[in-house]
Amino acid sequence: MTGFEQLLELAKQMGQADILTIVEAPADKDPSLLGRMLIIPAGEQPAEELIDANFTRLVMELIHNTVWQQAIVIPIDYEGHYRLLWDRLVTQPRALVLGAGHISQPLVGLLAMVGYAVTVADDRPEFANQRRFPEAEQVICNNFAAALAGLDLDHYEAIIIVTRGHRYDLDCLRTVLKCPAPYTGMIGSQRRVSGIKEMMTEEGVPSKILDQLKAPIGLDIGAQTPQEIALSIVAEIVAVVRKGSCMPLSSKRR
C-alpha cells in the first residue's frame with residue numbers, strides 16, 4: 001500500500017495521522033529520498049521506516065515533544081541536513097441526531113457551529129428534509145431502524161436521541177447502545193427515562209451500558225426554550241469529549 005492509499009483508507013475510517021514528507025535532503029544522498037513520506041496513525045506506530053530506524057526514531061521524538069498547530073517545515077540533522085514537511089490528517093467529528101423535531105433544528109445548527117458534521121434521521125418527510133436542516137451534512141428520511149442499518153455507527157463521536165416517543169427511543173437505543181461513541185444521550189423527563197431504562201433492563205441490557213447513557217440529556221442550565229435545550233445538550237457533549245468539569249470558571253481557584 002502506498003502512502004497515498006494509506007491516507008485515503010484512514011480518511012474513509014475517520015482516522016487521524018501525522019504526515020512527514022522529506023522536502024530537502026543532503027546533496028550527497030539519493031535524490032529519490034525527496035517526497036518520501038512517513039505516516040504515523042494516531043495512537044499507533046508507523047507501518048514503515050523513513051530512511052532507517054534511527055532517523056524514524058528522531059522524527060517521532062520530535063513530533064512527540066512538539067505541539068502541532070499547522071503544517072510546518074521542520075529541520076533534522078542526521079548524517080547531513082534534512083527538512084521535512086509536517087502535516088496532519090484531521091477528520092471532522094461526526095454527530096448523529098435521531099429525530100427532526102423542534103429541538104433538533106437549533107441542535108444541528110449549534111453542532112455544526114462547533115465543528116461537527118451532522119447527520120439527521122427521521123421518518124417524517126415534512127421534518128426530515130434539507131430545507132429545515134441546511135447545516136446538516138446528511139438528512140435521512142426513513143424509519144429509524146432502516147436509517148441506522150444504513151450508517152456506519154462506529155464513526156460517530158456523538159449520538160443524540162430526540163425522537164417523539166418511547167417506541168422510537170427504544171428502536172434507536174437497541175442499536176446505538178452497542179456503539180463505541182464517546183457520547184450517547186437521550187432526551188426525556190426523569191419518568192420517561194426511568195421507564196425506558198426499565199424496559200431495556202428487562203430486555204437484558206447490562207446496567208453498566210445503561211449507565212453510560214446521558215439521560216435526561218444536557219447540562220442543568222435552567223433551559224426552557226428549544227434553543228436553550230439545544231445549548232445545554234451541546235455543552236454536555238463538549239464537556240464529555242473534552243473531559244470538562246462542567247463547573248463555572250469563576251468558581252475555580254486562581
Side-chain angles (χ1 to χ4, degrees), residues 13-16 42-43 90-122 127-128 132-140 144 147-148 151-164 168-190 192-193 196-197 200 205 208-249 251-252:
Q13 297 173 5
M14 301 301 293
Q16 300 188 33
V90 181
T91 53
Q92 189 176 15
R94 295 183 175 275
L96 174 60
V97 177
L98 298 165
H102 60 291
I103 291 173
S104 297
Q105 279 188 295
L107 175 60
V108 170
L110 286 172
L111 285 167
M113 187 182 298
V114 298
Y116 281 86
V118 188
T119 296
V120 183
D122 198 295
F127 286 89
R132 292 189 76 241
F133 296 97
E135 304 95 339
E137 180 182 71
Q138 183 181 18
V139 180
I140 301 170
F144 292 110
L148 290 167
L151 295 170
D152 187 346
L153 298 175
D154 288 347
H155 292 162
Y156 287 91
E157 191 168 84
I159 300 176
I160 305 104
I161 301 171
V162 282
T163 75
R164 62 190 183 276
Y168 304 104
D169 293 339
L170 287 167
D171 289 343
C172 296
L173 283 172
R174 290 186 182 106
T175 298
V176 304
L177 285 179
K178 304 171 186 175
C179 303
Y183 181 94
T184 301
M186 182 182 71
I187 201 166
S189 65
Q190 289 284 2
R192 175 176 167 180
V193 169
I196 289 174
K197 284 187 173 182
M200 297 299 293
V205 178
K208 183 178 180 180
I209 292 179
L210 287 174
D211 288 343
Q212 296 173 5
L213 176 67
K214 301 294 185 182
I217 200 170
L219 298 181
D220 183 3
I221 60 171
Q224 295 183 2
T225 68
Q227 293 79 9
E228 291 170 347
I229 294 169
L231 177 61
S232 77
I233 295 170
V234 174
E236 185 178 43
I237 292 171
V238 172
V240 168
V241 171
R242 303 292 190 194
K243 297 179 172 57
S245 68
C246 298
M247 296 293 294
L249 292 176
S251 69
K252 290 189 174 183

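Numbers here simply count residues along the sequence, with the first being 1.
Annotation for Val120 and Ala100: closest pair CG1-CB, 4.0 Å, computed over non-hydrogen atoms. For the residue pair Ile187 and Ile217, the shortest heavy atom distance occurs at CA-CG2, 3.7 Å. Across Ile140 and Ala147, no two heavy atoms sit closer than the pair CG2-CB, 3.9 Å. Across all non-hydrogen atoms, the minimal contact from Gly188 to Pro216 is O-CB, 3.2 Å. Contact detail for Glu228 and Gly222: the closest heavy-atom pair is OE1-O, 4.4 Å. Residues Ala239 and Cys246 come closest through the heavy atom pair CB-SG, 3.5 Å.
Between Gln138 and Leu151 there is a side-chain heavy-atom pair separated by less than 4.5 Å. Within the 4.5 Å cutoff, the side chain of Leu173 has no heavy atoms near those of the Val205 side chain. The side-chain heavy atoms of Gln227 and Gln105, taken from C-beta on, include no pair separated by under 4.5 Å. No side-chain heavy atom of Lys214 sits less than 4.5 Å from a side-chain heavy atom of Ile237. When side chains are defined from C-beta on, Thr184 does not count as touching Cys179, because their heavy atoms never get closer than 4.5 Å. With a 4.5 Å cut-off on side-chain heavy atoms, Leu148 and Asp171 do not count as touching. Contact of the Val176 side chain with the Phe144 side chain is not registered, since no non-hydrogen atoms from C-beta on lie closer than 4.5 Å. Residues Met200 and Leu213 have side chains not in contact (no heavy-atom distance under 4.5 Å, counting atoms from C-beta outward).
Under a 3.5 Å cut-off, the side chain of Gln92 and the backbone N or O of Gly115 do form a donor-acceptor pair. Not a single donor-acceptor pair under 3.5 Å links the side chain of Ser232 to the backbone N or O of Ile221.
Ile196 contributes atom CD1, which lies 4.0 Å from atom CE of Met186 (distance to the nearest 0.5 angstrom). For the atom pair OG1 (Thr225) and CD1 (Ile103), the distance works out to 9.0 Å, reported to the nearest 0.5 Å. If you take OG1 on Thr119 and CZ on Phe133, they are separated by 12.0 Å, rounding to the nearest 0.5 Å. Here CG of Leu98 is found 9.5 Å from CG of Asp169. Values are rounded to the nearest 0.5 Å. In this structure, OH in Tyr168 is found 14.5 Å from CD1 in Ile161, a value given to the nearest 0.5 Å. In this structure, CG on Leu110 lies 9.0 Å from CD on Glu135, to the nearest 0.5 angstrom.
Residues satisfying the salt bridge (charged side-chain N to carboxylate O under 4.0 Å, His left out) criterion with Arg132, sequence neighbours excluded, are absent altogether.
Within a 6.0 Å radius of CG in Asp220, no more than 12 heavy atoms belonging to other residues, nucleotides or ligands are found.
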Requested in this report: Check the pair Asp122, Val97 against side-chain contact (heavy atoms from CB on, under 4.5 Å), reporting the backbone distance first and the verdict last.
Outcome: CA-CA 9 Å; Asp122 198 295; Val97 177; over 6 Å; no
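Tested against Leu96 for a side chain to side chain contact (heavy atoms under 4.5 Å, CB included), the candidates Leu111, Ile159, Ile160 yield a single pass: Ile159.
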